[in-house]
Student: 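Below is one structure. I have some questions about it.
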Amino acid sequence: MQTAFHLAHEVQRLSRASLPSDAAELARYLIGKTVVRKIGRSRMSGRIVETEAYPSGDRSGHAYRGRTVSNQTLFMDKGFAYVYFIYGTSYMLNVTAEEPGVGAGVLLRAIEPLEGINLMERLRKTDELRDLARGPGRLAAALQIDKRLDGVDLCADGLLWLGSAVRETAYIRKTVRVGISHEVGRLLRFFEVGSPFVSAPSTG
DNA sequence: TATGCGATATTCT
DNA sequence: GAATATCGCATAG
């Protein structure tokens, strides 16, 4: 843990070219990578341990019925933030996938907090490390993600970006996705086996 | 540990 | 009106 914290300061931004275009491949690729969030002089970061892919044409994806005002950023080039609000309570942070004009993305479902844990605790109103960002709504709350970050380039220096892995990822497992009612059988949820920071069923 | 339910905003029918 | 890529609290076992 101490090593991971130290290395988090040396994380390199992921280039757009390094990202797989395919949504499922991107979802797997992002496991173990870092999310960095800057607020003023504070910096928070976490290690991605759980993702879900929403490929083009998937009936459970927001892009399925075509481009609208609310989902238009999902149709951007890969590596941009798609943020939406749901259930009246939660924001969700996604990374866009595929080529420009194609609506696909990857939902970030959980991170292992690395830097800025004190700030995350304040934003989440809890000091339970394991619960800070276990689940997509909690993740967004811990990093203070809202609609203002919709469309942000995650491959550029800014308030929110993606970085390289701080350590090796032991083993990745894929299962069905959580909380959807269409195409429920597709194995498009990815998580790091054994991580206590993974939400929902961490077996399968 | 598992299941159930209310809260609450935005979009779509 | 209904549905929704959820959370937190309650209750039961």
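A quick note: this is a predicted structure, and the numbers were derived from the prediction, not measured. Below, all heavy atoms of this structure are taken into account, side chains as well, without hydrogens, waters or symmetry copies. Letters go in sequence order (proteins before strands), and every chain restarts at 1.
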Student: Could you tell me the separation between the CZ atom of Arg65(A) and the C1' atom of dT4(C), rounded to a whole number of Å?
Tutor: 11 Å

Student: Rounded off to whole Å, could you give me the OH-to-P distance for the Tyr64(A) and dA5(C) pair?
Tutor: 14 Å

Student: Go through it in stages, so that I can follow the logic: the residues are Thr73(A) and Phe80(A), the test is side-chain contact (heavy atoms from CB on, under 4.5 Å), and I'd like the CA-CA distance, side-chain angles, deciding distance and then a yes or no.
Tutor: CA-CA 8 Å; Thr73(A) 63; Phe80(A) 287 82; over 6 Å; no

Student: Does the gap between the ring centers of Tyr82(A) and Tyr84(A) come in under 6.0 Å?
Tutor: yes

Student: Check whether Thr34(A) reaches the backbone of Ser164(A) with its side chain - one donor and one acceptor, N or O, closer than 3.5 Å.
Tutor: yes

Student: Do the side chain of Thr51(A) and the main chain of Leu107(A) share a donor and acceptor less than 3.5 angstrom apart?
Tutor: no

Student: Report the residue from Arg177(A), Lys174(A), Arg109(A) that forms a salt bridge (charged side-chain N to carboxylate O under 4.0 Å, His left out) with Glu52(A).
Tutor: Arg109(A)

Student: Under 4.0 Å, heavy atoms only, any strand: does Gly137(A) hit a base, just the sugar-phosphate, or nothing?
Tutor: sugar-phosphate

Student: Rounding to an integer number of Å, can you tell me how far Asp131(A) CG sits from dT6(C) C1'?
Tutor: 14 Å

Student: Expected output is a numbered-order residue list: members of residues 54-62 of chain A with a heavy atom under 4.0 Å from any atom of DNA chain C. What is it?
Tutor: Tyr54(A), Ser60(A), His62(A)

Student: If I take atom CD1 in residue Ile145(A) and atom C1' in nucleotide dA5(C), what distance separates them, rounded to the nearest angstrom?
Tutor: 16 Å

Student: What nucleic acid atoms does Ile180(A) come within less than 4.0 Å of, heavy atoms only: base, sugar-phosphate, or nothing?
Tutor: sugar-phosphate

Student: From CZ of Phe85(A) over to P of dA5(C), roughly how many Å is that when rounded to an integer?
Tutor: 14 Å

Student: Looking at dA9(B), dG8(C), dC7(C), which one has an atom nearest to any side-chain atom of Pro136(A)?
Tutor: dC7(C)

Student: Of the options dA5(C), dT6(C), dC7(C), whose atoms approach the side-chain atoms of Asn94(A) most closely?
Tutor: dA5(C)

Student: To the nearest Å, give me how far apart CD1 (Ile86(A)) and P (dA3(C)) are.
Tutor: 14 Å

Student: Keeping the roles fixed (side chain from Glu98(A), backbone from Pro55(A)), state whether a donor-acceptor pair exists under 3.5 Å.
Tutor: no

Student: Quick one: look up who dT11(B) pairs with, Watson-Crick or G-U, both distances under 3.5 Å, and put none if it's unpaired.
Tutor: dA2(C)

Student: In whole angstrom, what separates Leu123(A)'s CG from dC7(C)'s C1'?
Tutor: 16 Å

Student: Under the 3.5 angstrom rule, does the side chain of Asp150(A) hit a backbone N or O of Lys147(A) as a donor-acceptor pair?
Tutor: no

Student: Using a cut-off of strictly less than 4.0 Å between a heavy atom of the residue and any atom of DNA chain C, enumerate the qualifying residues of residues 67-83 of chain A by number.
Tutor: none

Student: For Glu121(A), is there any backbone N or O sitting under 3.5 Å from a side-chain donor or acceptor partner on Asp127(A)?
Tutor: no

Student: Main chain of Cys155(A), side chain of Asp153(A): is a donor-acceptor contact present, judged purely on distance under 3.5 Å?
Tutor: yes

Student: With respect to Glu192(A), which candidate in Lys33(A), Arg47(A), Arg173(A) satisfies the salt bridge (charged side-chain N to carboxylate O under 4.0 Å, His left out) definition?
Tutor: Arg47(A)

Student: Where each residue is assigned the nucleotide of DNA chain C containing its nearest heavy atom, which of Ser90(A) and His182(A) is assigned the position nearer the 5′ end?
Tutor: His182(A)

Student: Using OP1 and OP2 only, check whether a side-chain N or O of Ser181(A) sits under 4.0 Å from dT4(C).
Tutor: yes

Student: Rounding to an integer number of Å, can you tell me how far Arg134(A) CZ sits from dG8(C) C1'?
Tutor: 12 Å

